[in-house]
Peer 1: 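Take this structure, written in structure tokens, and hold onto it; I'll ask about it next.
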2 protein chains.
Amino acid sequence: MKQVTIKEIAEKTGFSVNTVSRALSNRGEIKKETADLIRQKAKEMGYLPNLLARGLSGKRTNTIGLIMGETQNPYHWPVVGVIQKELTRRGQNLILANSEETAEGLYNAVSIMLSSRVDGLLMFYPDKGEESLHLLQKHNVPTVLLATHSNVPISYIEVDEEKEGYLATSYLLDRGCKKIAYISRDEDTLPSKARQKGWAKALKERGLDCSAVFTADSSLQGGNRISASTDFVSLGFDGIVAYNDLIAIGIMHNISERGYAIPEQISVIGFDNISYGEYSYPPLTTIDVQKEEIGRRAVEMLMGHIGYKTEYNKVPFEKVILESKLIVRKSTR
Amino acid sequence: MKQVTIKEIAEKTGFSVNTVSRALSNRGEIKKETADLIRQKAKEMGYLPNLLARGLSGKRTNTIGLIMGETQNPYHWPVVGVIQKELTRRGQNLILANSEETAEGLYNAVSIMLSSRVDGLLMFYPDKGEESLHLLQKHNVPTVLLATHSNVPISYIEVDEEKEGYLATSYLLDRGCKKIAYISRDEDTLPSKARQKGWAKALKERGLDCSAVFTADSSLQGGNRISASTDFVSLGFDGIVAYNDLIAIGIMHNISERGYAIPEQISVIGFDNISYGEYSYPPLTTIDVQKEEIGRRAVEMLMGHIGYKTEYNKVPFEKVILESKLIVRKSTR
DNA sequence: TTGAAAGCGGTACCAC
DNA sequence: GTGGTACCGCTTTCAA
């Protein structure tokens with residue numbers, strides 16, 4: 001079907017395109033009856049605004065870009081879910097792209113967003129590809145980083161991962177663990193390093209050795225694999241701090257398969273509090289990151305920045321650090 | 001930063017906007033040196049095409065819409081993942097919207113897609129809101145439904161859920177189960193009904209009663225809850241066919257907590273083969289739906305339809321039914 | 001092979 | 001309050 005345009009509505013109603021335009025975007029001075037009549041007619045004709053045209057001529061596109069990385073990590077979805085909801089609620093549309101977790105992929109994704117003339121951008125930043133961030137800055141696009149920060153002054157909502165690592169490790173220590181390994185993620189990312197740092201700090205405080213660092217893919221399989229190739233229990237470990245829940249659950253699976261008892265012989269703790277953790281075997285003790293809150297705050301902050309930008313033509317720098325808390329379940333003694 | 005336009009490039013290079021346009025979208029006749037020179041200059045100036053303008057004047061937007069429902073169901077993630085990858089590979093952009101799983105939400109989502117002038121649409125159809133589908137038809141937008149079908153002639157990729165239900169139930173029966181319950185999802189959706197039908201068919205074939213239908217939310221919690229309020233084992237059930245893996249895992253969790261042994265006292269089987277299933281306790285026997293394949297085929301089909309439409313100005317109707325297969329793990333005897 | 005000019009569907013500014 | 005009109009940035013005839 002040929003799309004109905006405001007011009008056609010103008011012809012049918014006898015008003016000018018200008019008047020029709022204002023009636024349909026309820027803006028500017030216009031008599032109420034005129035507006036009602038036009039809207040009525042528009043509805044009848046099945047009019048749907050052309051967002052491309054609107055975005056091209058207007059100052060804003062009412063479109064926000066979201067760049068994801070690991071689509072398969074359950075951690076991200078609750079964040080994406082609230083972002084979607086919050087944006088819809090505010091009448092903003094959403095364009096999605098993926099960084100493929102490479103610098104090049106990120107650059108492409110950012111370029112697409114820029115080309116799409118998004119009003120603002122939300123991204124899970126894979127802490128590589130600073131040039132992408134510079135590009136963003138150059139184009140002056142309001143951006144909020146989700147659950148990370150960068151060296152470039154771009155706003156972000158994040159969590160204090162080092163503190164999380166410290167919190168988790170201290171808990172294991174308090175419960176009597178003596179030899180605790182840290183499982184980092186494959187590509188050493190900022191959050192993984194930060195949690196490791198917190199882990200090391202807690203161990204050092206008690207005069208313990210902090211060299212037992214292993215590496216796994218950020219996935220259930222990754223956890224399973226590292227445990228399959230490394231028999232933590234027989235190596236004398238009685239505690240494992242895994243970079244995230246996915247890895248932790250993978251490890252637990254393998255440890256149980258080997259016939260060891262969790263938490264009696266070894267405690268396992270993860271991070272993120274993904275929904276599945278409550279249903280793993282045993283239910284996973286973890287550090288809860290306020291995922292929904294990250295999404296909500298990020299959208300709020302972004303909208304604020306967009307407003308600020310349209311007013312003063314510069315985008316502010318702002319940051320928020322959210323508190324995480326321990327969720328004790330059954331994988332730790 | 002002010003965006004660079006082709007007009008500016010035209011001024012700098014001394015060519016006309018037309019020539020620049022063709023050089024940048026490598027289209028039409030143009031001397032190679034001219035093109036190279038223009039592209040070079042464009043790069044230098046940091047030119048990024050304005051997709052809004054391009055979409056407005058051209059025939060296509062190179063943008064595909066994706067409408068999701070349950071963002072939180074892991075079942076969807078791999079599908080979305082490949083869709084994203086496949087679209088990126090083909091230079092297509094992605095707009096995301098959510099139906100909130102209501103007819104109204106779906107209608108809004110579809111409207112946004114139409115307003116965004118997407119070339120094509122992919123959707124997880126929550127089998128309600130036929131009017132949304134009619135709207136789509138009216139606007140002649142190529143659409144492929146993911147993992148469902150509808151009464152409206154719109155193309156789809158789906159699985160034969162009834163057959164799946166039959167397959168799962170028959171397996172339990174073959175392994176000696178005598179009394180098998182079906183857990184449907186809260187809102188009786190098409191796939192849930194279809195699997196139930198298959199379950200009933202298998203039972204009837206053996207002259208068994210098929211009235212034991214319970215209902216749960218499509219979530220881990222939902223499964224846990226129904227099992228918490230209904231002690232299946234003490235009611236004499238020795239088998240459970242759950243609408244999906246999420247519910248199945250939730251139920252297993254609760255059954256284990258009650259102190260019953262799976263599969264010795266009761267077998268549990270799910271559908272979808274989500275990644276958690278391999279790591280649940282016990283590892284879940286399930287029916288594998290080819291999730292990546294659904295995404296891949298859907299994109300392929302959609303692109304085909306878009307091409308067809310630009311040529312003949314009508315969108316074809318096509319359907320694909322994918323085979324599912326049993327994955328035996330440890331939750332069934 | 002290249003250029004001029006007319007849209008694409010809206011918005012916004014300036015008259016009336 | 002309403003209408004005329006010049007754009008927004010790009011593609012697409014049609015000429016040259």
Side-chain angles (χ1 to χ4, degrees), chain A residues 1-39 41-42 45-63 93 114-119 139 310, chain B residues 1-39 41-42 45-63 93 111-112 114-119 139 310:
Chain A
M1 194 185 82
K2 171 77 180 52
Q3 304 286 353
V4 178
T5 68
I6 56 171
K7 192 173 162 201
E8 285 163 27
I9 300 178
E11 281 160 9
K12 294 283 182 212
T13 57
F15 288 98
S16 70
V17 284
N18 187 345
T19 306
V20 173
S21 169
R22 302 151 77 173
L24 295 177
S25 42
N26 32 253
R27 166 181 37 93
E29 333 286 80
I30 191 171
K31 211 201 303 178
K32 183 151 187 327
E33 293 97 74
T34 311
D36 286 346
L37 189 138
I38 291 175
R39 290 202 197 105
K41 195 72 189 169
M45 299 173 68
Y47 171 77
L48 284 174
N50 184 325
L51 262 29
L52 299 171
R54 202 174 255 182
L56 184 58
S57 68
K59 278 295 119 201
R60 289 178 52 170
T61 55
N62 292 311
T63 298
N93 302 326
L114 258 16
S115 281
S116 300
R117 301 298 190 260
V118 294
D119 291 335
H139 286 261
T310 57
Chain B
M1 193 185 83
K2 170 78 179 54
Q3 305 285 354
V4 178
T5 68
I6 55 171
K7 192 173 162 199
E8 286 164 28
I9 300 178
E11 281 160 10
K12 295 281 182 210
T13 57
F15 288 97
S16 71
V17 284
N18 186 350
T19 307
V20 174
S21 169
R22 302 152 75 175
L24 295 177
S25 41
N26 33 251
R27 167 181 35 92
E29 333 287 80
I30 191 169
K31 212 200 302 177
K32 183 153 186 329
E33 293 98 72
T34 312
D36 286 345
L37 189 139
I38 291 175
R39 291 205 196 103
K41 195 73 190 172
M45 298 172 70
Y47 171 76
L48 284 174
N50 184 325
L51 262 29
L52 299 172
R54 203 173 255 183
L56 184 59
S57 67
K59 279 292 119 204
R60 289 178 52 169
T61 55
N62 291 312
T63 299
N93 301 326
S111 300
I112 287 172
L114 258 16
S115 281
S116 300
R117 300 298 189 261
V118 293
D119 291 335
H139 286 261
T310 58

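All chains are named by letter (A, B, ...) in the order of the sequence lines, taking the proteins before the strands, and each is independently numbered beginning at 1.
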Peer 1: Rounded off to whole Å, could you give me the CD-to-C1' distance for the Glu11(A) and dG10(C) pair?
Peer 2: 15 Å
Peer 1: So if I apply the side chain to side chain contact (heavy atoms under 4.5 Å, CB included) rule between Thr61(B) and each of Asn93(B), Leu52(B), Asp119(B), which one comes out positive?
Peer 2: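 Exactly one pass, corresponding to Asp119(B).
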Peer 1: Take the protein atom CE of Met45(B) and the nucleotide atom P of dG9(D), then report the distance between them rounded to whole Å.
Peer 2: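 Whole-Å distance recorded here is 13 Å.
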Peer 1: Go through dG3(D), dT11(C), dT2(C) for me and flag the one nearest to the Ile6(A) side chain.
Peer 2: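 From the listed options, dT11(C) comes nearest.
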Peer 1: Check side-chain hydrogen bond (donor to acceptor under 3.5 Å, both in side chains) between Lys59(A) and all other residues, then give those that pass, not counting sequence neighbours.
Peer 2: none
Peer 1: For Arg54(B) and Pro49(B), which heavy atoms make the closest approach, and how far apart are they?
Peer 2: NH2-CB, 3.6 Å
Peer 1: Are any protein N/O atoms closer than 3.5 Å to N/O atoms in nucleotides 5-8 of chain C? If there are, list each pair with its distance.
Peer 2:
unit_1, atom_1, unit_2, atom_2, d
dC8(C), O2, Ser57(B), N, 3.3

Peer 1: Can you work out whether Lys59(A) or Leu52(A) has the more 5'-proximal nearest nucleotide on DNA chain C?
Peer 2: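 On the 5' side of the pair lies Leu52(A).
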Peer 1: Using whole Å, report how far CD of Glu33(B) lies from P of dT2(C).
Peer 2: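 Rounded to the whole Å, the gap is 9 Å.
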Peer 1: Rounded to the nearest angstrom, tell me the gap between atom CZ in Arg54(B) and atom P in dT11(D).
Peer 2: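 Taking atom P of dT11(D) as the reference, CZ of Arg54(B) is at 5 Å.
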Peer 1: dT2(D), dC10(D), dT11(C): which one has an atom nearest the side-chain heavy atoms of Thr19(A)?
Peer 2: dT2(D)
Peer 1: If you only use heavy atoms from C-beta on, which nucleotide in dA4(C), dT2(D), dT11(D) is closest to the side chain of Ser21(B)?
Peer 2: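 Looking only at heavy atoms from C-beta outward on Ser21(B), the closest nucleotide is dT11(D).
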Peer 1: What pairs with Thr34(A) under side-chain hydrogen bond (donor to acceptor under 3.5 Å, both in side chains), at least two apart in sequence or on another chain?
Peer 2: none
Peer 1: Based on the rotation axes of five pairs at each end, what angle does the helix from dT1(C)-dA16(D) to dC16(C)-dG1(D) bend through, to 10°?
Peer 2: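 Helix axis angle between the two ends: 30°.
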Peer 1: Is any side-chain N or O of Thr34(B) closer than 4.0 Å to OP1 or OP2 of dT2(C)?
Peer 2: yes
Peer 1: I need the Ser16(A) OG to Lys7(A) NZ distance, nearest 0.5 Å.
Peer 2: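 The distance works out to 13.0 Å.
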Peer 1: From CZ of Arg22(B) over to P of dT1(C), roughly how many Å is that when rounded to an integer?
Peer 2: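 Distance check: Arg22(B) CZ to dT1(C) P gives 9 Å.
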Peer 1: Report yes if the side chains of Tyr47(B) and Leu24(B) come closer than 4.5 Å at any heavy-atom pair, otherwise no.
Peer 2: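 Result yes, sub-4.5 Å side-chain heavy-atom pair found.
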Peer 1: Take the protein atom CG of Leu24(A) and the nucleotide atom C1' of dA12(C), then report the distance between them rounded to whole Å.
Peer 2: 16 Å
Peer 1: Which whole-number value in Å describes the distance from Ile30(A) CD1 to dG3(D) C1'?
Peer 2: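 The answer, rounded to whole Å, is 12 Å.
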Peer 1: Taking the side chain as everything from C-beta on, heavy atoms only, tell me whether Asn50(A) gets closer than 4.5 Å to Arg117(B).
Peer 2: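 Touching, per the 4.5 Å side-chain cut-off.
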Peer 1: Rounded off to whole Å, could you give me the CG-to-P distance for the Asp36(B) and dT1(C) pair?
Peer 2: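 Rounded to whole Å, this separation is 14 Å.
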Peer 1: Applying side-chain hydrogen bond (donor to acceptor under 3.5 Å, both in side chains), name anything that partners Asp36(A), two or more places apart in sequence or on another chain.
Peer 2: Lys32(A)
Peer 1: What residues form a side-chain hydrogen bond (donor to acceptor under 3.5 Å, both in side chains) with Ser111(B), not counting sequence neighbours?
Peer 2: none
